[in-house]
Amino acid sequence: VYFYLTIPSILLFGLNEFSVRLPSALFGSLTVVLAYFLVREISKNRLWALLSALILAAMPWHIHFSRAAFETNVSVFWVALGSLFFFRFVKSSKSWQLIISLTSFTLAVFTYNALKIFIPLWLVYLVWQFRKKIKLPKVLFASAVIVAFPWMLLISSRQSLNRFAGISIFNPQSAVMLTLEEKFRETRNQPLIIVRLLHNKPTAYVLDAYRRYASHFDSNYLFFNGDPLRPRYRVPATGQALWFTFPFFFIGLYFLAKNHHWPILIWLLLAPLASSITFETPSALRSFLMVFPLAIAIGLSLSFVVKILPWFFRLLLLLIVLFNFSQYLDAYFVHAPVHEPYEWQGGYKELVKRVNELMPDYDKALITDSRGTAYIYFLFYNQYDPAKWQIQVNEAVTAPDKFGFTTMAHLDNLYFIGEPCPAKIPEDKVLYVCTQEKNPPTGFLQIGEPINFDNGQSAFILFAKLPAPAQTLSY
């Protein structure tokens, strides 16, 4: 879905970074508005609605994924929109509101993979929760036609199955089987029935998924340091939420339960499920659905606290909030650009420009693909003709790797090599592009200055065959 959403902005502003990121920023902003209206739908507490929207707007997690082209950000908008209209349908029984709700849920499924698991569970819960207030046959029929049928077609596709096999805990990369085998070796002479009872595949996989699920509620992950595996999904020394919200989150959970706002709690509990069956956890990307109920829980807590605090403590709380948010802005705009910049694949724009300038003097280029998908940047920054590219795709696509991912081996006379430095044997009329990780052996000449990250470290270095020394004639 996200690709189609970029069409209007590209049509208006051309193919550039701004056009690609604009839909994410727009839908992220609209999600903040939906937070206000959804809370107003389930409660008359206007202060709670305002604070929930404000917390979501200022949450590092939400800002981070709204400022780049992340599909998961748009998927949260669809879920929030669908939930809002479902709640309204429960009150009004108007069919058009149900249609908008279910259509939004279907769009969420087609926007991001994690929603293939969340949406069916969420919809089943909503129907069950409000079964006494809705016309059940009508809702079940509409759900089957609008949501279930497209969902089944999507999850049964080869692409979806390959994707799940590549990232799930059943992939060898999860190390579940290796851990199980290690336990077998350590049991020594224990009775086989005891060994099988305590150490078996169902138990191992369930416990692994449970551990991964619980990791998404780790306070260090949520409030202090963020995603531990992917620096791209966080800013340095900053949690997915601001640290001042740590106590308010738990207070908010209490008030949600006390006031029987079960849908918000169930949303929060269901949100990390898809992430918990993958081998990279906790994942800020795959559990991004948590951001919405997280903000609502914190907003509810704050709406209670600010009413009972004296003015002095309200002022103190405001100063703490401003200080914490200032810390985040410093981390985002000052430190993040130079902290592990390779995570944001910097340097590619300059690389494309440099290669374009040099290629008239070379027959082909061997370009490192060790950081992944280098071909995309050459397509994007050169505004490559899609029709011309589609002719090459089937021949250029590589075999799936151990995670089920494919890439492109070449684009015209540009060849992408999955190692830090493809410069092995010097050849005439060949341009080589390496990362800073490994320089080539002798026989190569560096072409120009290195292309640097924002922190001054080398991102790419270009080489060519060292010219043979000129021979001197003697008389």
Side-chain angles (χ1 to χ4, degrees), residues 1 27 30-31 34-35 37-39 41-43 52 56 61-62 65 71-91 97-136 138-155 160 164 209 212-213 216-217 252-253 256-257 260-278 283 285-297:
V1 170
F27 278 83
L30 292 175
T31 304
L34 287 178
F37 285 107
L38 191 143
V39 173
E41 192 66 31
I42 64 176
S43 169
S52 296
L56 183 61
W61 205 350
H62 187 67
F65 284 85
E71 297 164 326
T72 187
N73 179 52
V74 178
S75 70
V76 173
F77 168 84
W78 294 128
V79 177
L81 182 66
S83 301
L84 172 62
F85 275 93
F86 194 94
F87 295 149
R88 289 183 173 178
F89 164 73
V90 170
K91 294 180 179 180
Q97 293 180 334
L98 177 63
I99 292 173
I100 291 178
S101 172
L102 298 179
T103 302
S104 298
F105 289 152
T106 300
L107 288 171
V109 171
F110 279 84
T111 299
Y112 186 63
N113 284 318
L115 278 296
K116 297 174 186 175
I117 293 176
F118 176 85
I119 287 297
L121 297 174
W122 178 237
L123 185 55
V124 167
Y125 165 74
L126 290 177
V127 172
W128 177 84
Q129 176 70 33
F130 300 105
R131 63 193 181 280
K132 296 180 180 179
K133 299 180 179 180
I134 60 177
K135 295 179 179 179
L136 199 57
K138 171 184 176 181
V139 174
L140 291 177
F141 176 77
S143 300
V145 173
I146 299 176
V147 180
F149 181 66
W151 175 80
M152 292 177 65
L153 291 177
L154 184 62
I155 66 166
S160 293
F164 177 76
R212 295 178 184 278
Y213 176 84
H216 292 89
F217 295 95
L253 293 180
L256 285 173
H260 302 105
H261 293 301
W262 303 119
I264 305 302
L265 287 171
I266 296 301
W267 182 336
L268 181 65
L269 292 173
L270 292 178
L273 278 178
S275 180
S276 66
I277 58 173
T278 66
S283 170
L285 179 70
R286 298 188 182 100
S287 66
F288 185 66
L289 275 166
M290 293 177 67
V291 73
F292 201 83
L294 187 68
I296 291 177

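Index from 1, following the sequence.
Put simply, the side chain of Phe292 does not reach to within 4.5 Å of the side chain of Val79, judged on heavy atoms. By the 4.5 Å heavy-atom criterion applied to side chains, Phe89 and Val139 are counted as neighbours. Residues Ile117 and Ile277 form a side-chain contact, since some pair of their non-hydrogen atoms from C-beta on lies under 4.5 Å apart. Contact of the Pro263 side chain with the Phe87 side chain is registered, since non-hydrogen atoms from C-beta on lie closer than 4.5 Å.
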Contacts under 3.5 angstrom, residues 100-108 side chains, donor-acceptor by atom type, not counting sequence neighbours:
residue : atom : partner : partner atom : Å
Ser101  : OG   : Gly82   : O            : 2.7
Thr103  : OG1  : Ile99   : O            : 2.7
Ser104  : OG   : Ile100  : O            : 2.8
Thr106  : OG1  : Leu102  : O            : 3.1
Thr106  : OG1  : Ile146  : O            : 2.6

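By the side-chain hydrogen bond (donor to acceptor under 3.5 Å, both in side chains) test, Ser83 is found to be paired with Trp122, residues two or more places apart in sequence or in another chain being considered. Residues satisfying the ring pair (Phe, Tyr, Trp, His ring centres under 6.0 Å) test with Phe86, not counting sequence neighbours, are none. Residues passing the side chain to side chain contact (heavy atoms under 4.5 Å, CB included) test with Pro120 are Trp151, sequence neighbours excluded. For Thr111, the side-chain hydrogen bond (donor to acceptor under 3.5 Å, both in side chains) criterion is met by Trp78, not counting sequence neighbours. Partners of Lys138 by salt bridge (Lys or Arg N to Asp or Glu O under 4.0 Å), not counting sequence neighbours: none found. By the side-chain hydrogen bond (donor to acceptor under 3.5 Å, both in side chains) test, Glu71 pairs with no residue at all, sequence neighbours left out. Scanning for ring pair (Phe, Tyr, Trp, His ring centres under 6.0 Å) contacts around Tyr213 gives Phe217, with sequence neighbours left out. Legend: residues meeting ring pair (Phe, Tyr, Trp, His ring centres under 6.0 Å) with Phe149, ordered by chain and number and at least two apart, are absent. In this structure, the ring pair (Phe, Tyr, Trp, His ring centres under 6.0 Å) partners of Phe77, at least two apart in sequence or on a different chain, are Phe27.
Between Trp61 and Met290, the shortest heavy-atom distance links the atoms CH2-CB, 3.8 Å. Considering all non-hydrogen atoms of both residues, Asn113 and Lys116 come closest at OD1-NZ, 2.8 Å. The minimum heavy-atom distance between Arg212 and Thr278, with the atom names listed, is CD-O, 3.2 Å.
How far CZ of Phe288 is from CG of Asn73: 4.5 Å, rounded to the nearest 0.5 Å. Put simply, CG on Leu56 and CG on Leu34 are 9.5 Å apart, with the number rounded to the nearest 0.5 Å. Taken to the nearest 0.5 Å, the CG atom of Leu294 stands 12.0 Å off from the CG atom of Leu289. Taken to the nearest 0.5 Å, the NE2 atom of His261 stands 13.0 Å off from the CG atom of Leu253. Put simply, CZ on Arg131 and CG on Leu126 are 12.5 Å apart, with the number rounded to the nearest 0.5 Å. We find the CD1-CG distance between Ile264 and Leu38 to be 5.5 Å, quoted to the nearest 0.5 Å.
Screening residues 76-91 for salt bridge (Lys or Arg N to Asp or Glu O under 4.0 Å) gives Glu41-Arg88, Glu41-Lys91 as the qualifying pairs, with residues at least two apart or on separate chains. For residues 262-276, the set of pairs meeting the side chain to side chain donor-acceptor pair (under 3.5 Å) definition, not counting sequence neighbours, comprises His216-Ser275.
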